Amino acid sequence: MKYKSVKGMDDILPQDVWLWQELESRARKELESSGYVEIRTPILEETAVFIRGIGETTDIVTKEMFTFSDRKERSLTMRPEGTAPIVRSYIEHSLGNISPVLRLYYIGPMFRAERPQKGRSRQFHQIGVEVIGSFSPYADVEVLAQLDKLLKAFGLSGYVIKLNSLGCKSDKLKFTESLKQYLADKINLLCEDCRNRVGKNVLRVLDCKKESCTQAMRGAPNILDNMCLKCARHFEEVKSSLKALGINFQETKNLVRGLDYYTATVFEITHPALGTQDAIGAGGRYDNLIKDMGGECAGAVGYALGLERIILALKGHAARKPDRNVIYIATLGDAARLEGLKISESLKDGLALPNLVVLRDMGEASLKSQMRSADRQNAKVVIILGEDEMKEKKLTIKDMRPGGSQVSVAAELVVEEVRRILC
RNA sequence: GUGGGCGUAGCUCAGCUUGGCUAGAGCACUUGGCUGUGGCCCAAGGUGUCGGGGGUUCAAAUCCCCUCGCCCACCCCA
């Protein structure tokens with residue numbers, strides 16, 4: 001085979017695409033009915049948007065971005081995530097003027113140059129939400145409640161919402177320092193990865209699964225103990241409101257997010273069906289990002305869902321492929337073929353059927369093989385137009401469902417007759 | 001970047017251990033049996049770089065070396 005798709009970038013084939021369309025349309029319906037509006041930002045951004053936005057020491061920025069120079073030596077990057085571009089757009093177009101609290105959503109591909117594995121590819125798709133313009137804990141609650149509802153709308157069950165708070169910027173800093181101090185004389189007890197993490201992102205040592213590290217972390221300082229009163233209250237408010245709404249969550253004190261911009265509330269949705277990449281979605285607050293990127297100070301919360309991972313989690317009890325109402329027009333001869341085209345147009349115009357699909361045969365296949373393909377396409381009705389029918393200005397309409405019969409009607413009456421059979 | 005597994009028909013795979021007939025099966029696809037009627041049944045239809053390259057051998061899908069690709073896991077993340 002000469003050409004194949006680029007590593008980690010997969011085709012979504014015709015036989016699978018319905019599920020993607022189904023999930024996307026459910027998401028749009030769900031989110032728009034709650035006042036979210038879609039935003040579409042470009043695939044490419046100036047590299048600096050991500051360095052500033054995600055954090056220059058994060059793994060995403062240091063080793064996972066598709067970055068290249070254009071013809072004028074500008075450094076461009078294919079977006080590895082959706083939040084930084086949206087914040088860029090928010091500032092660039094003063095979107096805060098639309099309304100003090102802006103609810104945005106996006107659906108689209110993201111790109112990270114990682115080694116592919118189950119639930120992880122180099123081009124993957126996210127559905128994400130950003131609420132910009134509020135520091136209130138109720139924004140967090142609204143977003144989480146909406147997220148829970150969206151997952152249910154997808155038909156998902158068995159997922160777990162993990163919740164934590166990192167505290168505000170200065171809390172985070174203080175906590176990072178005290179962790180480093182705590183670990184200063186324990187470096188030798190940690191695994192190789194964690195020794196690295198101490199300098200780069202100490203918080204990650206908290207969720208290392210290695211026995212030796214978990215041991216060493218016993219007695220480590222707690223995030224909650226290092227949190228300022230305001231952040232502690234914020235977190236309490238989020239938790240009690242979620243409980244009041246009946247939304248189940250697990251408080252997970254070692255939950256840490258890898259992107260630098262997260263502050264205060266952070267969360268992650270995991271699903272057991274996935275394998276080791278078990279997060280189907282994650283998000284949190286990013287109260288400093290907008291200011292850090294050059295905008296006015298504004299609070300914000302958001303999350304992103306990995307569509308590929310949602311689909312993996314859905315395997316087994318996936319949504320049913322929607323039923324199509326297929327009408328197949330079988331023709332014999334050139335004149336009939338033209339007439340068939342006209343009929344298919346009048347059927348599409350005249351029949352107000354949901355999911356109506358009118359198929360026509362292209363070539364000069366025998367009636368037998370046309371009937372076969374009609375059957376394979378699950379046609380409910382076949383309209384046969386041959387020489388006899390042309391001569392008499394009539395049509396044969398066959399009901400393909402088990403026990404269905406076949407009638408001959410005048411050409412002008414097709415729409416009516418098909419409606420009688422199908423409706 | 002680091003481990004491990006796997007590459008034979010469009011798909012799922014057998015054959016490889018112990019080298020040897022024209023490299024197979026099921027599914028799918030096309031056509032026909034039924035010259036204008038689907039599903040079931042029957043029949044016929046394959047120029048497959050046996051992932052690629054090199055080596056060993058009279059002989060390689062099969063053994064050896066290299067390489068590429070895919071998958072799973074680490075790392076990281078949605």
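So you know, we letter chains A, B, ... as the sequences are listed, proteins then strands, and number each from 1. Just so it is clear, the structure is predicted and the values come from calculations on it, not from any experiment.
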Return the 5'-most residue of the pair A/Leu305, A/Leu274 with respect to RNA chain B, ranking by each residue's nearest nucleotide.
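Checking each residue's closest nucleotide, the 5'-ward one belongs to A/Leu274.
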Pick the closest RNA chain B nucleotide for A/Gly8 and for A/Ser121 by heavy atoms, then say which residue is nearer the 5' end.
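Here A/Gly8 is the residue nearer the 5' end.
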Backbone N or O of A/Gly299 within a donor-acceptor pair of the A/Ser134 side chain at under 3.5 Å?
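Here the side-chain-to-backbone pair does not exist.
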Would you say A/Glu339's side chain and A/Met390's backbone share a donor-acceptor pair under 3.5 angstrom?
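No: the side chain of A/Glu339 does not pair with the backbone of A/Met390.
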Is the NZ or CZ atom of A/Lys239 both under 6.0 Å from the centre of the six-membered ring of A/Phe235 and within 45° of that ring's axis?
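Output yes; distance and angle both within limits.
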Counting just side-chain N and O atoms, does A/Gln117 come under 4.0 Å of either OP1 or OP2 of B/C72?
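So the side-chain polar atoms of A/Gln117 never come under 4.0 Å of the phosphate oxygens OP1 or OP2 of B/C72.
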Indicate whether OP1 or OP2 belonging to B/A73 is found under 4.0 Å from a side-chain N or O atom of A/Lys118.
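So the side chain of A/Lys118 is outside the cut-off, no N or O lying under 4.0 Å from OP1 or OP2 of B/A73.
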NA contact type, [X], heavy-atom cut-off 4.0 Å: base, sugar-phosphate, or nothing?
X: A/Glu308; answer: nothing
X: A/Gly283; answer: nothing
X: A/Ala374; answer: nothing
X: A/Thr58; answer: nothing

Can you find a donor-acceptor pair, distance only, under 3.5 Å between A/Gln277 side chain and B/C76 base?
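Yes.
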Polar pair under 3.5 Å, donor/acceptor by atom type, side chain A/Arg120, base B/C75
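Indeed there is one.
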[X] [atom1] - [N] [atom2] separation (whole Å):
X: A/Lys4; N: B/C71; atom1: NZ; atom2: P; answer: 10 Å
X: A/Ile60; N: B/C75; atom1: CD1; atom2: P; answer: 16 Å
X: A/Arg122; N: B/A78; atom1: CZ; atom2: P; answer: 18 Å
X: A/Glu268; N: B/A78; atom1: CD; atom2: C1'; answer: 9 Å
X: A/Leu312; N: B/C72; atom1: CG; atom2: C1'; answer: 13 Å
X: A/Asp278; N: B/A73; atom1: CG; atom2: C1'; answer: 14 Å
X: A/Arg112; N: B/C75; atom1: CZ; atom2: P; answer: 16 Å

Could A/Lys174 and A/Glu177 be called an ion pair, given the rule that one side-chain N must be under 4.0 Å from one carboxylate O?
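No, A/Lys174 and A/Glu177 are not salt-bridged.
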Go ahead and name the base partner of B/G7; Watson-Crick or wobble counts if both distances stay under 3.5 Å, otherwise write none.
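WC or wobble partner is B/C68.
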Does B/A73 have a Watson-Crick or wobble mate here (both distances under 3.5 Å), and if so which one?
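For B/A73, the partner nucleotide comes out as B/U2, under the 3.5 Å rule.
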Which whole number of Å gives the distance between the [atom1] atom of [N] and that of [M]?
N: B/U17; M: B/C64; atom1: C1'; value: 16 Å
N: B/U62; M: B/A23; atom1: C1'; value: 12 Å
N: B/A60; M: B/G19; atom1: C1'; value: 6 Å
N: B/U22; M: B/A59; atom1: C1'; value: 16 Å

Taking every non-hydrogen atom, the tightest pair across A/Leu305 and A/Gly281
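The pair with the smallest heavy-atom distance is CD2-CA, 3.8 Å.
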Taking all non-hydrogen atoms of both residues, which atom of A/Ile280 and which atom of A/Ala313 are closest, and how far apart?
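Here A/Ile280 and A/Ala313 meet closest at CG2-CB, 4.4 Å.
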Is the closest side-chain donor-acceptor distance between A/Thr396 and A/Glu389 under 3.5 Å?
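Yes, a side-chain donor-acceptor pair sits under 3.5 Å.
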Side chains of A/Thr77 and A/Thr67: any donor to acceptor distance under 3.5 Å?
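There is such a pair between these side chains.
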Applying the salt bridge (Lys or Arg N to Asp or Glu O under 4.0 Å) criterion to A/Arg103, which one of A/Glu32, A/Glu142, A/Glu130 satisfies it?
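Only one option passes, and that is A/Glu142.
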Give the residues of residues 408-417 of chain A touching RNA chain B, defined as any heavy atom closer than 4.0 Å, sorted by residue number.
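Per residue number, the list is empty: none.
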Going by atom type alone, with no hydrogens or angles, which donor-acceptor pairs under 3.5 Å involve a side-chain atom of residues 402-411 of chain A and a protein atom two or more places apart or on another chain?
none

Of the candidate nucleotides B/C76, B/C75, B/A73, which contains the atom at the shortest distance from the side chain of A/Glu114?
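Side chain of A/Glu114 sits closest to B/C76.
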Treating primed atoms plus P, OP1 and OP2 as sugar-phosphate and everything else as base, which nucleotides of nucleotides 36-47 of chain B get B, S or - for protein heavy atoms under 4.0 Å?
BBBB--------
Taking the ring of A/Tyr286 and the ring of A/Tyr261, is the distance between their centroids below 6.0 Å?
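Yes; A/Tyr286 has its ring centre under 6.0 Å from that of A/Tyr261.
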